[in-house]
Q: 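Got a structure for you, written out below as structure tokens; questions coming shortly.
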Amino acid sequence: LVLKERNESFHLFFFFFSAATPEENLALDEALLDQAEASFAAREAGARVTLVEKTSDGGRKILISGGGRCNVLPAQATPERFVSAASPVLVRRLLGAWPLHEQRRYFEEVLGVPLALEAESAKYFPASNRARDVRDALVTRALGLGVERRFGVAVDAVVPVGAAWRLTLTDGELAAD
């Protein structure tokens, strides 16, 4: 969810839910990484980015994905594997906006996480087979870009206020429009 503030910066909020099927888990894993990368792009463009995370350290979904190895990217973009309330046309357009080869380059060259293709699953994993390497690289990148982190904070409510939004958090409120 991207919310624009009056001062023309953005807050990005990430909401993750448990999935019932392996396909839904794959979609959530890929969405988590895509959203982190989107927050970096917004920050690089000068936006204010705030990561609100219920856990105390963040990135736990990354640490357990792929059996603790973190399936970073699929070998092929297959829109039908993504679970979304959005239309299939929108999903295809969003997936096409950042091609997989560019995402792979980002992980390897910008984040410094070499990837290896596992042929059996048709997924890229960190060459180290350690999910922690992916999580740590994302956290390091976020800190280096000045992303504001609010760990140990839950979102209790998201309320529209005219054309703006008000988020009620366990430690206060956050407003954006």
Side-chain angles (χ1 to χ4, degrees), residues 1-2 12-45 49-147 149-152 155:
L1 174 62
V2 179
L12 281 81
F13 301 94
F14 310 121
F15 298 93
F16 299 103
F17 303 93
S18 296
T21 68
E23 291 79 15
E24 289 173 342
N25 270 324
L26 174 62
L28 287 173
D29 293 344
E30 292 168 353
L32 171 67
L33 295 172
D34 288 345
Q35 290 176 350
E37 293 156 9
S39 71
F40 299 157
R43 184 68 191 125
E44 288 169 344
V49 176
T50 301
L51 171 63
V52 178
E53 167 63 41
K54 187 175 182 178
T55 66
S56 61
D57 56 352
R60 290 187 186 174
K61 178 71 174 142
I62 292 171
L63 295 176
I64 63 169
S65 72
R69 298 184 304 142
C70 186
N71 44 317
V72 177
L73 295 170
Q76 295 182 358
T78 50
E80 62 275 3
R81 293 189 69 185
F82 283 79
V83 177
S84 176
S87 74
V89 171
L90 179 60
V91 171
R92 279 192 302 278
R93 193 170 43 198
L94 289 172
L95 289 174
W98 195 14
L100 286 175
H101 70 276
E102 291 179 18
Q103 292 182 52
R104 182 173 177 200
R105 185 201 62 75
Y106 185 85
F107 270 91
E108 294 183 330
E109 295 176 17
V110 177
L111 295 179
V113 179
L115 300 179
L117 178 63
E118 181 182 85
E120 312 83 72
S121 65
K123 298 174 189 169
Y124 283 99
F125 290 85
S128 66
N129 276 323
R130 291 175 24 108
R132 186 166 301 280
D133 293 347
V134 175
R135 195 276 306 264
D136 291 351
L138 290 166
V139 169
T140 299
R141 181 78 173 143
L143 292 175
L145 290 171
V147 170
R149 298 178 312 161
R150 292 178 72 174
F151 289 170
V155 177

Q: Contact between Phe151 and Thr55 at the side-chain level, heavy atoms closer than 4.5 Å - yes or no?
A: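 Of all side-chain heavy-atom pairs linking Thr55 with Phe151, none is under 4.5 Å.
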
Q: Any donor-acceptor pair under 3.5 Å linking the side chain of Asn129 with the backbone of Arg69?
A: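 Such a contact is absent between Asn129 side chain and Arg69 backbone.
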
Q: Considering all heavy atoms of both residues, which atom of Pro74 and which atom of Leu100 are nearest to each other, and what is their separation?
A: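 Scanning both residues completely, I find the closest heavy atoms to be O-CD1, 3.5 Å.
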
Q: If you round to the nearest 0.5 Å, how far is CG of Asn71 from OH of Tyr124?
A: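 Atom-to-atom, Tyr124:OH and Asn71:CG are 13.5 Å apart.
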
Q: Might you work through the side-chain contact (heavy atoms from CB on, under 4.5 Å) test for Arg105 and Val110, ending with a clear yes or no?
A: CA-CA 7 Å; Arg105 185 201 62 75; Val110 177; 3.9 Å; yes

Q: For Val113 and Pro126, work out which heavy atoms get closest and say how close.
A: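 Val113 and Pro126 have their closest heavy atoms at CG1-CB, 4.0 Å.
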
Q: Can you tell me how far the CG atom of Leu63 sits from the CG atom of Asp136, to the nearest 0.5 Å?
A: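 CG of Asp136 is found 7.5 Å from CG of Leu63.
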
Q: About how many Å separate CD1 of Ile62 and CG of Leu138, when rounded to the nearest 0.5 Å?
A: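 Answer rounded to 0.5 Å: 5.0 Å.
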
Q: Is the backbone N or O of Arg149 less than 3.5 Å from a side-chain atom of Glu53, with the two atoms forming a donor-acceptor pair by type?
A: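 Absent.
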
Q: Atom CZ of Arg135 and atom CZ of Arg130: how far apart are they, to the nearest 0.5 Å?
A: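 Between atom CZ of Arg135 and atom CZ of Arg130 there are 10.0 Å.
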
Q: For the atom pair CD (Glu102) and CD (Glu109), what is the distance rounded to the nearest 0.5 Å?
A: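 Those atoms lie 11.0 Å apart.
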
Q: Would you call Lys123 and Val72 a side-chain contact if the rule is heavy atoms closer than 4.5 Å?
A: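 They are not in contact (no side-chain heavy atoms under 4.5 Å apart), so the answer is no.
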
Q: Closest heavy-atom contact between Ala122 and Leu117?
A: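 For Ala122 and Leu117, the tightest heavy-atom pair comes out as C-CD1, 4.1 Å.
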
